[in-house]
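Report on one structure; see the data block that follows.
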Amino acid sequence: MLLFQHMFTAKMASNLKLPQLKIAWLPLKSSCVREHISIVVQLAFLVLLLLQFVRKSVSLICRNRTEVRDQGVEKYMAGVNFNISFRITIVCSTLLFGTHLIMLMIMLNGGEILCDSKVLAFSSEVTQVVLWASTLLTIYKIPNNKYAKFPWILRAWWSCSFSLYIICTALDAYSRFTNHSQFKVGDYADFVCLLPSTLLFGISIRGKTGLVYALTNDTTEPLINGKTDTPLEYKRESLYGKATLFQLVTFSWLNPLFAVGIKKPLDQNEIPDVDIKDSAAFLSHDFDERLKQVKQKDGSVNPSMYKAIFLFIRKKAAINALLAVISAVSSYVGPYLIDDFVNFLNEKNKRSLKTGYLLALAFLGGKMVETITQKHWVFGARQLGLRVRAALISQIYRKGLRLSCQSRQSHTSGEIINYMSVDIQRITDLIWYLNIIWMLPIQISLAIYILHTTIGLGSLAALAATFIVMSCNIPITRFQKRYQSKIMTAKDDRMKATSEVLRNMKTLKLQAWDSKYLNKLESLRKIECDWLWKSLRLSATSGFIFWAGPTFISVVTFAACMLMGIQLTAGRVLSALATFRMLQEPIFSLPDLLSNIAQGKVSADRIASYLQKDEIQQDSVEYVSKDKTDFGVEIDNGKFSWNPESSSPTLDGIQLKVNKGLKVAICGTVGSGKSSLLSCMLGEMQKLAGTVKISGTKAYVPQSPWILTGNIRDNILFGNQYDNHKYEKTVKACALLKDFELFPCGDLTEIGERGINMSGGQKQRIQIARAVYQDADIYLLDDPFSAVDAHTGTQLFEECLMGMLKDKTVLYVTHQVEFLPAADLILVMQNGKIGQAGRFDELLQQNIGFEVIVGAHNEALDSILTVEKSSRTSQDLVLDAESSTDNTSNAELIHSQHDSEHDLSLDITKKEGKLIQEEEREKGSIGKEVYWYYLTAVKGGAFIPIIILAQSSFQVLQVASNYWMACTSPTTSDAEPVVEMKFIFLVYTLLAVGSAFCVLLRAMLVATTGLKTAQKLFSNMLHSIFRAPMVFFDSTPTGRILNRASTDQSVLDLELAGRLGTCAITIIQIIGTIAVMSQAAWQVFVIFIPVTAICIWYQQYYIPTARELARLSEIQRAPILQHFAESLSGTATIHAFDQEDRFTNANLSLIDNHSRPWFHNASAMEWLSIRLNLLANFVFAFSLIVLVSLPEGTINPSIAGLAVTYGINLNVFQASIMWHICNLENKMISVERIIQYSNLKSEAPLVVEEYRPPNNWPEVGTICFNNLQIRYAEHLPSVLKNITCTFPGRKKIGVVGRTGSGKSTLIQAIFRIVEPREGSIIIDDVDICKIGLHDLRSRLSIIPQDPTLFEGIVRGNLDTLFQYSDKEVWEALDKCQLGDLVRAKEKKLDSPGQDGLTVVENGENWSVGQRQLFCLGRTLLKKSSILVLDEATASVDSATDGVIQKIISQEFKDRTVVTIAHRIHTVIDSDLVLVLSDGRIAEYDSPKRLLEREDSFFSKLIKEYSMRSQNFNTTQQK
């Protein structure tokens, strides 16, 4: 330390002349200091080398005594591949050896020796030669010894030698300056040695030799101790992972990627992998270890996420912090030397040009260190952010799979998507800002120190002013934190509602509720905008403080200097101004830091709260080995609840033992606990008491089909290996062969999101096949036959349940009583308990409830059999005809190739089996029209010129104020000022205040215009999406839409306007800087123009690659959200099949797919930035050399000093202008993506004024189809073909046909979900294609196949538009059997009850049957003249079905009712029956007349049902 004090104090005494520091300069006491230091270090290493040699020799001797050396490596070695770092070590070591050998020869020939002791000097040089010769020998031996890393002693020597050369060079410079002597040969030798020793020091830190051996068997063996840097499954290697030190420093490891990107738009598979340490699998595991570490240390069940994140990031964060501190320190080298530089220019005739050049070199050195360290801490922070994001997303995903039912209801999918997108992004941003915490005090301390050296006590005023400015941000941050919390809450509400709307868009369109929900989303957005405006207004105030802060500090400081009588010379003023400009960064960083801490804290708390939510009980189910029990399922005194806090459990007193191989049927009324019984066996419910034991593997088929996006085969295999024989057998048993034949790509046909392009029956059969293919021991089937027609249901029951699963334990819930007699055991659920248990005949004899269900079914059978008998002469004729007609029936009634729900399967014919296509992305540069659209969205862009004028005025006034101070201040302490200092200060203050108000105007206008533009773009996108046809939602995953509504919209709300403003600011600043510099030295343009051309070339080279990386990064975010949403909806299935690991790995893979373009995009930014900064440093250094070289008197030193003051930041401005333009282009991708969804193809108008139907339309309800043809795309064949018929008004029409015959397509045509290609539909003399969609849909009623409930209150789900009185609503509830259930809720219709909201997301706290009854209640309230029932009673039991049919027949007796049903008895009493086959009318007549014809399709359907009835009756009679 004494040595460094000597060095620095002496230098400051000689060059900087700062008498006010009062330091006693200590001279060096010996001229051999460097030799003393060198010889001690070198001798120590010689001793270590000798000891190492002795140890190796002894080891070699011992080994030769015991064994013969293996020459295998020598024998099989074919060659070694030397990488660049190993070659550098050879070159550098040779250069250092040669330099010291030459110096030794010079000494021997009588050359000048600086040290007084020749012995000491010779010893030092000889030792250096010996050590470097040993180094070369060691390096030569490394390939033979196959070292993965350089020996530790070699690396230690390189590190110490680097330190020695630094000290020697510093001592040489110190000695020459203090003695005013010329540099000697030895000095130059030290300078020459410094560069190779620096390279060796860098290699010693990395440590790896990088050698790769080529063996004779044509393989290569990397020297990494048997470990690989990347997993074997990765096909693309990581460029970053294999980069050399030089490549890492300069980011040139990205060059191969840029070489591809400049030639063509990049694709995802062309982007290299991330390094293994940045992969999601590694990071997820590492974060888990940190959580365990915290949990063990704290002894808590819920470990602190903050502690875990700290442990997770601490090593990398420490390195980043060190680089950030070095960057902060080096950035103040310029302001520190400005006063010296101005003094040099004033005294140029008295001082050597060398001094000026050394000052220029010091300026350049400081800027170079600042550039390199800054770029690497920024890159390191981004890399750390990526790691935190990947770790947290994987944690959120796994938590989502394990959430308990109650926890899931308190965190909707919309909220969790916000956690994954917005909250994690904010935490990532906070990681970046963490470095500012330790940079701030250093920057402020250095600034005050420099001010103290120039203006003495005036620095105290600057310090006070700085703290005042910073303290202004404290209340702002407090408010900002509150606003951020409110913004996130509002965003959650909006995203939750958006997600719900997108899931249920078909229901909204069918019910004509789209306008209502559009208004709801707009009102939620308005609340969000109100909080956004408050936040942005505060941010604008912070911006004003940032720009006005240095001005305020300078005014206060200069005023204090005048009051204290401190002379303000030009050099001091310019040094102070430069320092104030440097203070701008910490002042600006503080509000950003505090704001990001506020945002990050809110987001981290939200995620931490989510991660600590209750999970499903891991020990609720006990798994017993198959050889230890005879029971497949055993429940002893079970008590279960979906909500543990509820006073009444969902299931109570469950006592059940199921022997292996039994078939157990579960039946009961709606809401009796059938599905809950299966859920308790799966461990999905909270177990309050009792035990559940399962022996063997299990498979599960949920009531609502859960289908994954992908092809059909993947859905069936569900992660298992493909076995052709087993697969074919499964597909046949599940009646899927016909579907596969008719799908364009067979079982490789792509399924849309949530199986959107499949009929309900097809989805059900696919998930049954999935379960069967698992070959499990226990099967839990929840109402598997409800969505399929009678024929298919029979086939499934016989071939699948009683065929392939005949030896399996099967528990199946069913409402079809005809499937009960075959069961070995029947459980009748009543009010959450097993009311009855036994075989079919036993239960009938008990006569305590089961006969109600059977009786309802018997009534339905009787109605069919009565009609059938009255239409036939003998039932025997039907039976005799069975064998001859069955095959015909199957042949004629084959499944249509058009599905029954959306009929989109053919839409994939020309898309190679894919319905869900890769997300559309623009290619090439962002179009000018996108920028123009954004800039002119509000008031035609009227505010843009005002913003530019305000910023330009600020820049002009700032330059003018600084120019004024530089020109009017005296050049030396002895000189007199041109005018009085008071007048100088007054003018400066006026100019500074004027510039500050310009900034305030600009900041407010940017905030206002940016938010209004974001709101307009959001509104346009929202309206466009709501008006899009259903085919858009069928083929577009909701994740893509949610990504735009969440992440992209957040960019528009909070970032884009600021980015655009910053871009304009930077351009104006660099123009001002160049203008000032050209005043001092116009020669700078000689270098500035070509360097600018090079910068532009770099930018053009960079943009194509970076743009595509940014686009791919945005596109790859959506699959993460989509996969998560899919997984959340199927957690029960995932658990049942023990597939958590597979789905978690899929999530990790998707995270990596997003990390790859994101990481390389972040790296590419630094690749460009470091090159532009280095070029700017070159321009600055050139300008300094010009100023030093110009003859005295050519230029005013004050103006030259002002040029340097501005030039210090030239590298920042020049790099920033390119960086901001590129970054802006990346952010503009969000605008481009939102505009994509703002111009979607629209449906027909909601209202057509000239064709408004009468208020009482439709009065009769007659529906006429005239030559109706429907197709889903121009290149596809018609789905419905030449449909011509009339549904008479006030009649009941049944529509039947096989699964996929086009029944639901006909219904969609009535509601104009699909538009007719030809023909027309006339309802009561009104052509529905001419009237508005709202006028049409609001006059019709439908009970859809998939019942939908919206989160909220019961009343809102029945009377969405709030048009009816309470009395009417209660009447409707009573009629649909829900009145008593709703009355049991604490606050009934309108308020939250004990169980949380009366209806949670997706209506998950109501059974599927109850949701179906809700839909019935809606139609009872609406009382339309036309009612459509689309499989309306598929999910209810026979008794409830009978009640519903009676209610419909009573309430809609004078209305037109169109019924699609698989249960034949629901259409048997219709006035007319329409039979569809292959999109055509097969038959259309009354049921009686159709049954009179033995060969009619309807007769064959009735025959199949009656055959099942006979079997059922036979069993019942037994």
Side-chain angles (χ1 to χ4, degrees), residues 483 487 490-491 494 518-519 521-544 547 926-956 994-1027 1044-1045 1048-1068 1220-1221 1223-1225 1227-1240 1242:
Y483 292 157
I487 287 170
K491 190 183 287 290
R494 175 174 65 82
L518 175 63
N519 294 334
L521 287 182
E522 287 182 327
S523 64
L524 289 172
R525 171 65 181 174
K526 186 178 184 304
I527 295 170
E528 184 184 3
C529 277
D530 290 342
W531 291 113
L532 278 168
W533 166 237
K534 291 177 181 178
S535 176
L536 289 170
R537 193 169 55 196
L538 270 185
S539 296
T541 308
S542 292
F544 166 67
W547 290 103
I926 305 289
K928 294 183 179 64
E929 62 276 4
V930 175
Y931 287 94
W932 185 251
Y933 185 91
Y934 181 78
L935 291 172
T936 59
V938 176
K939 305 290 184 186
F943 292 120
I944 304 302
I946 302 173
I947 292 170
I948 293 173
L949 180 62
Q951 183 60 35
S952 301
S953 302
F954 164 77
Q955 187 67 27
V956 169
S995 67
F997 279 107
C998 288
V999 166
L1000 183 60
L1001 174 64
R1002 190 264 305 162
M1004 286 298 179
L1005 282 176
V1006 167
T1008 305
T1009 310
L1011 185 58
K1012 286 185 176 179
T1013 304
Q1015 176 57 17
K1016 184 171 182 181
L1017 286 169
F1018 174 81
S1019 182
N1020 290 347
M1021 178 177 70
L1022 189 65
H1023 281 79
S1024 176
I1025 289 170
F1026 264 79
R1027 296 293 298 119
R1044 285 166 170 80
D1048 290 319
Q1049 188 60 44
S1050 189
V1051 169
L1052 265 68
D1053 288 340
L1054 297 169
E1055 293 186 53
L1056 193 57
R1059 300 278 185 190
L1060 200 59
T1062 306
C1063 217
I1065 291 167
T1066 313
I1067 292 171
I1068 292 167
H1220 284 304
I1221 287 172
N1223 196 30
L1224 174 65
E1225 180 151 2
K1227 295 297 180 184
M1228 285 300 289
I1229 291 171
S1230 291
V1231 178
E1232 181 183 67
R1233 285 161 54 79
I1234 285 176
I1235 291 174
Q1236 275 180 351
Y1237 279 19
S1238 300
N1239 300 304
L1240 300 172
S1242 178

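Just so you know, these numbers come straight off a predicted model, no measurement behind them.
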Could you pull out the closest heavy-atom pair between [X] and [Y], with the gap in Å?
| X | Y | result |
| --- | --- | --- |
| Ile1065 | Gln951 | CG1-CD, 3.4 Å |
| Phe954 | Ser995 | CD1-O, 3.1 Å |
| Ser1230 | Asp1048 | OG-OD1, 2.9 Å |
| Phe544 | Val999 | CA-CG1, 3.9 Å |

Spatial distance of atom CE (Met1021) from atom CD (Gln1236) [nearest 0.5 Å]: 11.5 Å

So how far is it from Tyr934 OH to Leu1056 CG, rounded to the nearest 0.5 Å? 4.0 Å

Going by distance alone, is a donor N or O of one side chain under 3.5 Å from an acceptor N or O of the other, for Ser1238 and Asn1020? no

Salt bridge (Lys or Arg N to Asp or Glu O under 4.0 Å): which pairs involve residues 998-1018, sequence neighbours left out? none

Among residues two or more places apart or on two chains, list those pairs meeting salt bridge (Lys or Arg N to Asp or Glu O under 4.0 Å) that have a residue in residues 927-951. none

Can you list the residues that meet the ring pair (Phe, Tyr, Trp, His ring centres under 6.0 Å) rule with Tyr483, with sequence neighbours excluded? Trp531

Quick one: does Met1228's side chain get under 4.5 Å of Val1231's, heavy atoms only? yes

Can you tell if the side chain of Thr1008 reaches within under 4.5 Å of the side chain of Trp533, non-hydrogen atoms only? yes

Lys534/Asp530 ion pair, N-O < 4.0 Å: no

Pair Glu528 + Arg525: basic N to acidic O under 4.0 Å: yes

